Q: 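Shown below is the structure under consideration.
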2 protein chains.
Amino acid sequence: MGIRERKERERFQRRAAILASARTAFIKHGLATTSMERIAKEAELAKGTLYLYFSSKDELLMGLIAADLEVLHERLHNVKSSSLPADRKLLQAFLEFHAFSRENQFFFQVMTQLNVAQIVGGEHSQETFDKFSQANQTILDIVKHIVQEGVDTGVFQLHASVHDVIIQLTLAIKGSIVIIKNNMVPSFWIRQEECELLEQVVQMLIRGISRGPSTVILKESSQ
Amino acid sequence: MGIRERKERERFQRRAAILASARTAFIKHGLATTSMERIAKEAELAKGTLYLYFSSKDELLMGLIAADLEVLHERLHNVKSSSLPADRKLLQAFLEFHAFSRENQFFFQVMTQLNVAQIVGGEHSQETFDKFSQANQTILDIVKHIVQEGVDTGVFQLHASVHDVIIQLTLAIKGSIVIIKNNMVPSFWIRQEECELLEQVVQMLIRGISRGPSTVILKESSQ
DNA sequence: CATAAGAACTGACCAACAGTCATCTTTGTG
DNA sequence: CACAAAGATGACTGTTGGTCAGTTCTTATG
């Protein structure tokens with residue numbers, strides 16, 4: 001009989017249900033003020049039960065953003081497959097990244113709570129971390145693909161290896177978003193629309209790897 | 001008599017002593033695992049006493065990094081006064097920023113714990129926040145000065161107002177450092193030396209605001 | 001110097017939280 | 001049905017940030 005399979009499926013579903021409840025709880029009460037107890041109540045379970053599915057709060061949080069990452073991955077894949085020139089593609093990819101950060105308010109807040117290195121170290125169910133790691137890698141690969149394309153078509157001219165450059169790009173963008181989303185900077189610094197601000201950061205970076213006096217990006221770029 | 005003055009001085013000294021003890025405790029036991037109790041013990045005071053000088057742990061942390069910021073400010077001021085061309089100056093300024101981050105390990109870790117907006121909101125002793133805010137502002141002004149100089153001498157060509165651009169620059173660099181210092185990214189992403197990596201991010205950004213095919217920065221830049 | 005006013009300090013105490021585990025409940029099997 | 005295994009529970013533990021009634025030290029005054 002498929003009892004083993006059914007159990008496995010049920011386990012997976014419950015896991016997903018817990019994540020969904022966690023998300024709901026976070027939206028209701030905010031990230032900082034949502035305890036495991038609250039999440040449990042939202043999921044109509046006891047607190048202890050959560051720990052049968054996640055070895056710690058951190059792992060639960062990571063489970064949340066791992067799921068989000070897969071959504072992002074799909075979106076980026078579409079950008080990659082489009083027929084834009086590489087620099088436009090790259091811009092588009094990072095704008096997608098930013099759009100994603102708007103719809104997943106918690107993603108970048110959770111990120112600040114997580115010490116990735118520490119989670120990798122512990123003997124958590126590898127599953128969660130693998131998924132997270134995998135998603136991260138796939139996304140990076142997409143960026144790499146786009147940059148490589150730009151190099152091949154002569155749009156980009158790099159001053160370091162492709163790998164290094166995409167790490168640098170990703171770091172700068174992710175970092176900017178993290179800072180903004182977590183109010184790590186006096187609010188009066190930020191006079192521009194968040195969206196416009198980030199777009200200009202991306203453009204600055206792209207110009208930094210573009211060959212020649214430049215491309216579409218110098219002109220008005222929105223719309 | 002100068003009793004009032006002496007009291008005030010003593011109060012200030014004690015405050016400073018607490019901050020020093022906090023720093024020692026953090027270095028001894030790490031940021032995450034240092035409680036107020038520990039700091040108190042290190043300072044040879046009772047926990048309650050700390051709260052006579054800082055309204056919360058957050059404010060104490062902010063006090064720590066506010067002091068650090070003043071050191072940074074001084075260093076940046078030297079760069080500003082140097083006679084380098086603007087792009088080199090800007091590079092130098094951000095490298096100084098990074099060097100600072102190495103010597104003040106906690107600065108960027110503390111930053112992720114602080115919700116600046118929240119601290120501003122509360123009725124904490126305005127003093128701490130003012131100092132923090134002030135230091136931030138001064139630093140920003142230095143960057144502004146350098147960028148403006150670059151514009152005036154034709155080295156830079158901006159695609160937005162000077163104010164917007166310096167915010168963007170600062171955001172990207174600060175963000176990159178925050179991400180690295182807090183392990184917010186799988187460690188195997190980072191293959192480069194941290195220092196080299198950040199330098200290249202900065203260079204990418206600077207190229208992004210530079211006019212023409214470019215300057216010193218394209219060549220080997222260290223040393 | 002004696003003493004009162006009050007500033008500075010203390011540590012037992014509280015509430016909130018992540019995480020544990022002995023116990024109970026449900027499910028599958030022979 | 002009996003009984004074992006898996007699943008779920010919530011009272012409990014240990015730790016933390018923060019409070020506050022009470023103690024000790026400092027200063028002003030008669």
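A, B, ... follow the sequence lines: proteins, then strands. Residue 1 opens every chain. The analysis underlying the following values was restricted to heavy atoms, covering all of them including side chains, and did not include hydrogens, waters or symmetry mates. Fair warning: this is a prediction, and the values are worked out from it, not measured in the lab.
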Q: Among residues two or more places apart or on two chains, list those pairs meeting ring-ring contact (aromatic ring centres under 6.0 Å, His included) that have a residue in residues 14-43 of chain A.
A: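 The answer is A:F26-A:F106.
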Q: Are any of the side-chain nitrogens in A:E103 or A:R75 under 4.0 Å away from the carboxylate oxygens of its partner?
A: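 Counted as a salt bridge, because a side-chain N and a carboxylate O are separated by less than 4.0 Å.
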Q: I'd like to know if A:D68 pairs up with A:R23 as an ion pair, taking the criterion as any Lys NZ or Arg NE/NH1/NH2 lying under 4.0 Å from an Asp or Glu carboxylate oxygen.
A: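 Yes.
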Q: I'd like to compare against my own output: the B/S/- annotation of nucleotides 6-22 of chain C with a strict under-4.0 Å heavy-atom distance to protein.
A: ---BBB-----SBBB--
Q: Is the closest side-chain donor-acceptor distance between A:E194 and A:H98 under 3.5 Å?
A: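 Yes, a side-chain donor-acceptor pair sits under 3.5 Å.
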Q: Taking atom P of D:dG17 as reference, at what distance in whole Å does atom CG of B:L61 sit?
A: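 The answer, rounded to whole Å, is 10 Å.
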Q: Less than 4.0 Å between a side-chain N and a carboxylate O, is that true for B:R38 and B:E42?
A: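 So B:E42 does not pair with B:R38 through a salt bridge.
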